[in-house]
Protein chains: 2
Amino acid sequence: MVKNMAQSLPQIPGVRLSAVPAKIKNWQRDDLLLIEVAEGASVSATFTQNAFCAAPVLVARKHIAAGNIRALLINAGNANAATGERGLADANRCCEGVAQALGIQPTQVLPFSTGVIGEHLPVQRILDAIPAAAARLQSDAWQAAAQAIMTTDTRPKTASRTVEIAGETITIAGIAKGAGMIQPNMATMLAYVATDAAIPQLILDTLVKEAVAASFNRISVDGDTSTNDACVLIASGATGEVIGDVNSEAYAQLKAAIVEVHIALAQAIVKDGEGATKFVTVQVNNAGNSAEALRTAFEIGESPLVKTALYASDPNWGRLVMAIGNAGLENLDTGKISIFLDDVQIVDAGGRADGYTEEAGQAVFDKSEFTITVDLQRGDTCEHIWTCDFSHEYVTINAEYRT
Amino acid sequence: MVKNMAQSLPQIPGVRLSAVPAKIKNWQRDDLLLIEVAEGASVSATFTQNAFCAAPVLVARKHIAAGNIRALLINAGNANAATGERGLADANRCCEGVAQALGIQPTQVLPFSTGVIGEHLPVQRILDAIPAAAARLQSDAWQAAAQAIMTTDTRPKTASRTVEIAGETITIAGIAKGAGMIQPNMATMLAYVATDAAIPQLILDTLVKEAVAASFNRISVDGDTSTNDACVLIASGATGEVIGDVNSEAYAQLKAAIVEVHIALAQAIVKDGEGATKFVTVQVNNAGNSAEALRTAFEIGESPLVKTALYASDPNWGRLVMAIGNAGLENLDTGKISIFLDDVQIVDAGGRADGYTEEAGQAVFDKSEFTITVDLQRGDTCEHIWTCDFSHEYVTINAEYRT
């Protein structure tokens, strides 16, 4: 499939980054990322819905509620999850280390961890690495930052947009990591998006939720949700442009651009799904409401039988039908359902479409990117998600992850 | 892992079987099974919850509601699902063929199909094979019957019990098929269990539901539910023993034996799960109620990340914790959770248990059969399910199924 190479990202005045090696695991790479945010910036975030959420998530939620965030510290290689009281203490010690290095308060630091669950964080190695990270903060380190937060990712994920608002250029840059444990409600991933617009906290809080709903909550690699996921949106306020009204044209323009960056990052995660060889959009049309449209789309996008058929390039539409039937839609009239593979109609009125040929279906399934469209004829709501296939490589990656 | 070889099954007076080749697919094997039930027998069934249920399921549901069932016709190789009006007509024509051969009414025949979805049934080949099947009906054909209904199964699945009730020996025999698309609410499978006890229809209707709840609704291979599944319980009434009271000791004894046969068949399906190398019991103790106990157990038993760790014999308890956190339990206090691998405690108070060693966990995960026990400390309800691992072979089987 087409590999999305990471773009080089523009600088966001008011945001500086630094990636350093801290030997979180026994590897030779940058695995610690420090992000510094200018005084007066707004920072919002959404976090994993997993009840077993990790220590850094608990600490970050508390700190972000207090406001006035000035720094983010992210480590790869260890999730600091299921680590109990010591895990919380470890996350707090990391915040203290950053606070000391930058001359701020520990509550102004948001900690994030990703990696193996259930092992204690090597806090001393992180504390030892923080001063070097603080000394090297710079605005053009996005690429190194995207690399430092990778775990099973095969490539860094970056996206950016610019948008002209009232004659001023607003810039948005973002990075993300994640390739497995991907599922909605904070898909298993970390994402950091920054803009130089000035956005008041309450508006930014709404914006991050809307952006995540349109992007990371619409992707699935394996249906599992991790303990550590987070998406952070930073508005540094370095430009003169202030977005103070959600009903303004400026807000609509900025939101569109920010959502685009989130979608690009979310799609990059699916394309880099563990072992993925295909990128598939599942579009559900004419559903009774948004919830049932998404449930149907995810039932298809998460079915191991559908995903192995995608891997085999086998247009086994019986499995699509099986998945739709499993979505739990009340009083579903299967006799009204149509299914299309790109523009090839494969199912009509619940059965094989007249004129459908295996060759036509095969031609679509042979592509590395295509769309499965289901028409339910129950209403007028349309939703879509993005998914990937389930390959031998997925099993290999996840069977060998800890070794 | 230990392969459960099919037992030879006892005869059930009042039940005769016949397996013949009908060339449903291009293969050399018996693929059509006819079961004849004596006049006056009671027959109950439960069917798939999939909204896209197959044509034979729709016909069988209608016929069983009318009562007085005398025959069952089961074909492997074609599911007759998502086949629209023609599928219904095809299923009805099969019933007519059986009715003609046995001198009964078409509505006294239950049709069942399993195999590829979305292709029309080769009805003429089935009709051509029915007379030979009818001519060869015999009581000791259980083994051939179990083989005739196999699809991706690697071995036939049979189970039997006898139970003494009031000095009389009651016999129970059953067969099942299924290896993929396994999930609760009529796990993807077909099962036929018969006893020579006499059980009134209303009692039998309750009994089949209770037996399925304790067996087939507690297994998972891949989280997918098929369009065709059914479990049928036949009480031929050939013995003098009549079970007429659900509060009697006789009912309790018979029920226990019937449930045991169902559990043995359900476990045989998991052990033959597509590509499975491990058989794992997931036990959830001290849950607030049965629903949350089962939800937690299935969240573990269906997680691709847990299942690939099982395949790798990797006691990656972080994935267990992740799955528990995803079960959606309200106000879950993760600090109270314990996890055991057989009798090795791996998690205590939500974190790694003191004294746990990788070696001890590894020794359990190296076994082909073991139990994962989760203690939630939220109440006093315990539930269990059975699952298997997710292997390379699963991907291979499902990627190549139609070829």
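All chains are named by letter (A, B, ...) in the order of the sequence lines, taking the proteins before the strands, and each is independently numbered beginning at 1.
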Note to self: Quick check: closest heavy atoms across G350(B) and F52(A), and the distance to 0.1 Å?
What the structure shows: O-CE2, 3.6 Å
Check: So which of G351(B), G335(B), G118(B) has the largest heavy-atom pair count under 4.5 angstrom toward chain A?
Finding: G118(B)
Checklist line | Per-residue contact mode, I337(A) against chain B (heavy atom under 4.5 angstrom) | finding: side chain
Note to self: How long is the straight-line distance from CD1 of I117(A) back to CH2 of W317(B), given to the nearest 0.5 Å?
What the structure shows: 8.5 Å
Taking distance alone, no hydrogens or angles, what donor-acceptor pairs closer than 3.5 Å link side-chain atoms of residues 82-89 of chain A to residues at least two apart or in another chain?
from: T83(A); atom 1: OG1; to: N80(A); atom 2: O; distance (Å): 3.3
from: T83(A); atom 1: OG1; to: N80(A); atom 2: OD1; distance (Å): 2.7

